[in-house]
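Everything on this sheet refers to the single structure shown next.
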Protein chains: 2
Amino acid sequence: MTSAPSDAAGRESPWSIAQVADSFGVTHRTVRHYEDLGLIAPERRGTQRLYHRRDRTRLGLILRGKRLGFPLEEIRTIIDLFDAPRGRRTQLEYVLGQVEQRRHDLEQRLRDVQDTIEELGEFEQRCRADLARAALSSTSTGVNA
Amino acid sequence: MTSAPSDAAGRESPWSIAQVADSFGVTHRTVRHYEDLGLIAPERRGTQRLYHRRDRTRLGLILRGKRLGFPLEEIRTIIDLFDAPRGRRTQLEYVLGQVEQRRHDLEQRLRDVQDTIEELGEFEQRCRADLARAALSSTSTGVNA
DNA sequence: CTTTACCTTTACGTAAACGTCAAGTACGCG
DNA sequence: CGCGTACTTGACGTTTACGTAAAGGTAAAG
């Protein structure tokens, strides 16, 4: 059930680009594109890329951000925010400000999704009603499966 | 408080492209682009476009779909679904199938948004904790505004 | 009748997010 | 050592979603 192979000491061995790409259902080109834009920075053993869990976590965040309709550049600023140093107070206050913005954005999206699901439900009801009527008029059985 | 001007008989007068564009916060180019892709089809008085409430409703759906990260082509199939004839039973069953797909998609997005908001909240807590500690170490006031 | 403010089509430009070769490199294996 | 497989770096192509400029039509105002 472990998704990543690990050695006897429990240290996870890194993944290749093909492995991460496959596991996330994207192409290696996509993964490298995200690296070009600075969204991930896998370790290098010589010329090969090594993806650790941290990288895979970030990739997950990226793809989720994409599903939510955020542009990659914005996604970069967000996940950079998450592991920023945030040492000094000014920095912390800036980060908190950004967080507020993101929250507003996400709450708008939440409303959008909820509204759409609701409307979809109403529409489905109408369809089912129509379907029931159609069944009644096309067959004379009236009530059945 | 009425958003659209109407005559004495209560019939709403149609809007110009500039009016709809402004009211939705997009450019006229955007509105015409959606028309090019077949997402809206305003009435024509001669060469001028006249936007009725139906068009504005659709535009609202389009923009919401965009906020949710759906591509315009997919949005078109969705809103076409909404005012499709759906007369025959085969058609109705097809429509219901499509609705199911949309619902799955939207529920995924709902989870995405909720998870992100939650993680954002946790992150914010950590930041606030850090901020409190920073305040303690930089000032000797301890507890204040 | 000209100006002005909108509106129209046509068409090329562009930024984002990759896809798709091409050509070379590195590694395990027989 | 050669072979195949996977990885690498360019670099150009493509799709989506418009931006933007050119060139002109139209309708009320002065």
Side-chain angles (χ1 to χ4, degrees), chain A residues 4-5 13-52 55-56 58-80 105 109 112, chain B residues 4-5 13-52 55-56 58-80 105 109 112:
Chain A
S13 55
W15 293 19
S16 77
I17 191 170
Q19 287 174 320
V20 279
D22 286 1
S23 75
F24 279 98
V26 298
T27 70
H28 71 288
R29 180 65 179 86
T30 299
V31 176
R32 278 188 39 232
H33 182 58
Y34 296 159
E35 184 178 346
D36 288 345
L37 296 186
L39 281 89
I40 40 181
E43 189 198 340
R44 292 294 185 114
R45 173 119 55 223
T47 163
Q48 307 273 105
R49 291 169 173 85
L50 299 180
Y51 295 87
H52 297 275
D55 301 306
R56 283 173 268 139
R58 289 179 76 106
L59 189 49
L61 289 175
I62 295 167
L63 295 176
R64 193 177 65 186
K66 273 205 49 183
R67 285 196 301 273
L68 297 182
F70 290 101
L72 291 179
E73 274 300 322
E74 202 165 340
I75 294 176
R76 186 167 62 85
T77 72
I78 299 176
I79 62 183
D80 280 357
D105 228 34
R109 273 177 175 70
D112 285 338
Chain B
S13 55
W15 293 20
S16 77
I17 190 169
Q19 287 172 321
V20 280
D22 286 0
S23 77
F24 278 98
V26 298
T27 70
H28 72 286
R29 180 63 180 87
T30 299
V31 176
R32 280 190 35 236
H33 182 57
Y34 297 160
E35 183 178 347
D36 288 344
L37 296 187
L39 281 91
I40 41 182
E43 189 199 338
R44 293 291 186 117
R45 173 117 56 223
T47 164
Q48 309 270 104
R49 292 168 172 85
L50 298 180
Y51 294 86
H52 297 275
D55 302 306
R56 284 174 267 138
R58 288 179 76 105
L59 189 49
L61 290 175
I62 295 167
L63 295 176
R64 194 176 66 187
K66 272 204 50 182
R67 283 198 300 275
L68 297 181
F70 289 102
L72 291 178
E73 273 301 323
E74 202 166 339
I75 294 175
R76 186 168 62 85
T77 71
I78 299 176
I79 62 184
D80 280 357
D105 227 32
R109 272 175 177 70
D112 284 338

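- The distance between atom CD1 of A:Ile17 and atom P of D:dA6, rounded to the nearest whole Å, is 14 Å.
- Here D:dA17 presents its P atom at 13 Å from CZ of B:Phe70, a figure rounded to the nearest Å.
- Straight-line distance from the CD atom of A:Glu35 to the P atom of D:dG10: 12 Å, rounded to whole Å.
- A side-chain donor-acceptor contact under 3.5 Å links A:Gln19 to the backbone of A:Ser16.
- For the pair B:Arg44 CZ and C:dT8 P, the computed distance is 6 Å after rounding to whole Å.
- If you check every strand for non-hydrogen atoms under 4.0 Å, B:Arg45 touches nothing.
- Look at CD1 on A:Ile62: it is 16 Å from P on C:dA16, rounded to the nearest Å.
- If you measure from atom CG of B:Leu59 to atom C1' of D:dC18, you get 14 Å, rounded to the nearest angstrom.
- Judged as a salt bridge (charged side-chain N to carboxylate O under 4.0 Å, His left out), and not counting sequence neighbours, the contacts of B:Arg58 are B:Asp80, B:Asp83.
- For the atom pair A:Ile79 CD1 and A:Ile62 CD1, the distance stands at 4.5 Å (nearest 0.5 Å).
- With A:Asp112 as the partner, the side-chain hydrogen bond (donor to acceptor under 3.5 Å, both in side chains) test is satisfied by one option alone out of B:Arg64, B:Arg67, B:Lys66: B:Arg67.
- A:Glu73 has a carboxylate O that lies under 4.0 Å from a charged side-chain N of A:Arg76, or vice versa, which qualifies the two as a salt bridge.
- Taking atom CG of A:Asp36 as the reference point, atom C1' of C:dA17 lies 11 Å away to the nearest angstrom.
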Which protein N or O atoms sit under 3.5 Å from an N or O of nucleotides 20-29 of chain D?
unit_1 : atom_1 : unit_2  : atom_2 : d
D:dT20 : O4     : B:Arg29 : NE     : 2.8

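- Across its full length, the helix from C:dC1-D:dG30 to C:dG30-D:dC1 shows an angle of 10° between the axes of its 5 terminal pairs at either end, rounded to 10 degrees.
- The distance between atom CG of B:Leu72 and atom P of D:dC18, rounded to the nearest whole Å, is 5 Å.
- Taking only side-chain nitrogens and oxygens, A:Tyr34 comes nearer than 4.0 Å to OP1 or OP2 of C:dC18.
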